[in-house]
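So the structure is just underneath, and the comments pick up after that.
Chain naming here is simple, since letters A, B, ... match the order of the sequence lines and numbering starts at 1 in each. Here the structure is a predicted model, which is why all the values come from computation and not from measurement.
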Amino acid sequence: MRMSYRAAGAALLALMLGTVQAADESVAAGKELAFSRAKGNCLACHYIDGGASPGNIAPPLMAMSVRFPERAKLRAQIWDATVTNPNTIMPPFGKHRILTEREIDQIVDFIMTL
Amino acid sequence: MKMTHILPLLLLAGSTLPAHAATDPQADIDKFQHYYLKTFSSVERSDFANGAYAIDPVGRENWEAIEEFPPYEPFIDEGRTMWETPFANGKSYADCFPDGPAQRQNYPHWDKEQGQVVTLALAINQCREANGEKPLKYKKGAIASLLAYMAYESRGQVTNVTLPEDDPRALAAYQAGKDFWLARRGQLNFSCAHCHAGYTGTQLRTETLSPAFGHTTGWPVYRAKWGELGTLHRRFGGCNKQVRAKAFPAQSEEYRNLEYFLTMMSNGLEFNGPSARK
């Protein structure tokens with residue numbers, strides 16, 4: 001039997017679109033978490049493009065994929081920033097379970113778009 | 001804005017020394033006050049008694065407008081009535097405080113006989129209990145009104161908390177207060193010093209982080225957020241909850257020791273309570 005190239009192509013496209021859609025959803029969820037006072041509340045301290053009344057305690061979140069070429073490093077920074085800087089004021093979002101692992105992934109997805 | 005974080009580090013360095021190493025409160029006071037005076041070099045020393053409004057010009061404008069018709073005024077009157085009303089046994093607060101209601105400068109202090117820090121709020125309840133009256137709740141209500149009256153009568157007195165040298169327990173209480181102020185706390189992992197020393201003047205969303213130098217001068221406070229008067233220990237509890245830590249009870253040993261340390265750090269500033277805050 002032979003699957004038509006057309007069918008295979010359609011399937012692949014659907015898969016890719018699905019992945020893109022899932023990624024979009026994660027970015028959107030991450031943005032909501034980052035702006036929410038009860039959850040990430042990144043805006044309390046960081047400027048984020050599009051966020052109202054940001055704080056200025058910490059560096060603005062911009063050009064993040066340049067500043068953090070390694071996604072894992074950014075994630076680790078959110079999970080427990082005291083590892084790289086024992087005196088940091090940044091809450092350890094993963095270590096203290098302020099956010100779930102999944103929520104941290106979503107926030108990283110969002111922040112990497114900035 | 002780049003902040004120097006030297007103050008928490010300096011104070012921390014002191015508290016990590018072995019217990020037998022000398023703690024020098026006067027050196028702490030000097031370092032503490034120098035940090036704020038240097039960081040906010042255009043602010044007059046005396047102006048730190050006005051809290052965040054010493055360093056936040058926009059907030060200050062609103063605050064000055066509010067002070068034209070002070071929201072705490074009715075509470076001062078209520079406190080005056082309490083002061084003038086005898087207890088059931090015929091005695092009154094004046095029997096406990098023979099020098100009158102202007103007592104602010106005498107508190108908090110180390111009480112050698114009791115072996116603890118005595119705050120004005122604690123002294124008020126000790127007076128009540130000694131006269132057969134029920135103690136008042138410590139966060140708001142009647143005690144806040146009486147404190148407002150006594151603070152009002154004390155306006156202009158200068159903070160001068162001392163550490164008696166003949167009782168090592170006083171130094172231990174001071175050290176406990178200092179350690180509390182420096183310790184990370186709660187799910188958010190902040191110490192008092194993080195926000196109110198290291199990052200003072202920066203903005204948490206739209207809120208300017210207030211300097212700890214002057215944190216003890218204006219109590220009790222009519223806070224718009226509360227819509228009523230509250231005590232210093234009520235605010236301590238609120239701060240602890242904000243970092244998602246369990247608050248200690250008002251007038252607990254922890255908070256009294258913290259008040260002892262924190263008030264001493266503001267030595268030289270005038271008491272100007274009651275006051276209004278956002």
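- Residues A:Asn87 and B:His194 form no side-chain contact, since every pair of their non-hydrogen atoms from C-beta on lies 4.5 Å or further apart.
- Interface residue A:Ala52: only backbone heavy atoms are found under 4.5 Å from chain B.
- Minimum heavy-atom separation, A:Ile89 to B:Tyr199: CD1-CD1, 3.5 Å.
- Interface check for chain A: of the options B:Leu209, B:Val243, B:Leu204, the most heavy-atom pairs under 4.5 Å are formed by B:Leu204.
- When heavy atoms are compared at a cutoff of 4.5 Å, A:Pro59 does not approach chain B at all.
- Between the CG atom in A:Asn41 and the CZ atom in B:Arg205 there is a gap of 4.5 Å [rounded to 0.5 Å].
- Here OH of A:Tyr47 is found 15.0 Å from CD of B:Gln203. Values are rounded to the nearest 0.5 Å.
- Other residues, nucleotides and ligands contribute only 12 or fewer heavy atoms inside 6.0 Å of the CD atom of B:Glu253.
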Show the numbers, then the answer: is there a side chain to side chain contact (heavy atoms under 4.5 Å, CB included) between A:Met90 and B:Asn189?
CA-CA 8 Å; A:Met90 181 154 166; B:Asn189 215 32; over 6 Å; no

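- Identified under the ring-ring contact (aromatic ring centres under 6.0 Å, His included) test for residues 204-225 of chain B, with sequence neighbours left out: B:Phe48-B:Phe213, B:His196-B:His215.
- Annotation: the span from A:Ile57 atom CD1 to B:Cys195 atom SG amounts to 6.0 Å, rounded to 0.5 Å.
- Within 6.0 Å of the NZ atom in B:Lys137, the count of heavy atoms belonging to other residues, nucleotides or ligands does not exceed 12.
- A:His96 places a side-chain N or O within donor-acceptor distance of the main-chain N or O of B:Gln187, the cut-off being under 3.5 Å.
- Taken from CG in A:Leu43 to OG1 in B:Thr206, the straight-line distance is 11.5 Å, to the nearest 0.5 Å.
- B:Glu61 CD: 12 or fewer foreign heavy atoms inside a 6.0 Å radius.
- Heavy atoms of other residues, nucleotides or ligands lying less than 6.0 angstrom from CD of A:Glu32 number 12 at most.
- Around CG of A:Asn85, the count of heavy atoms belonging to other residues, nucleotides or ligands within 6.0 Å exceeds 12.
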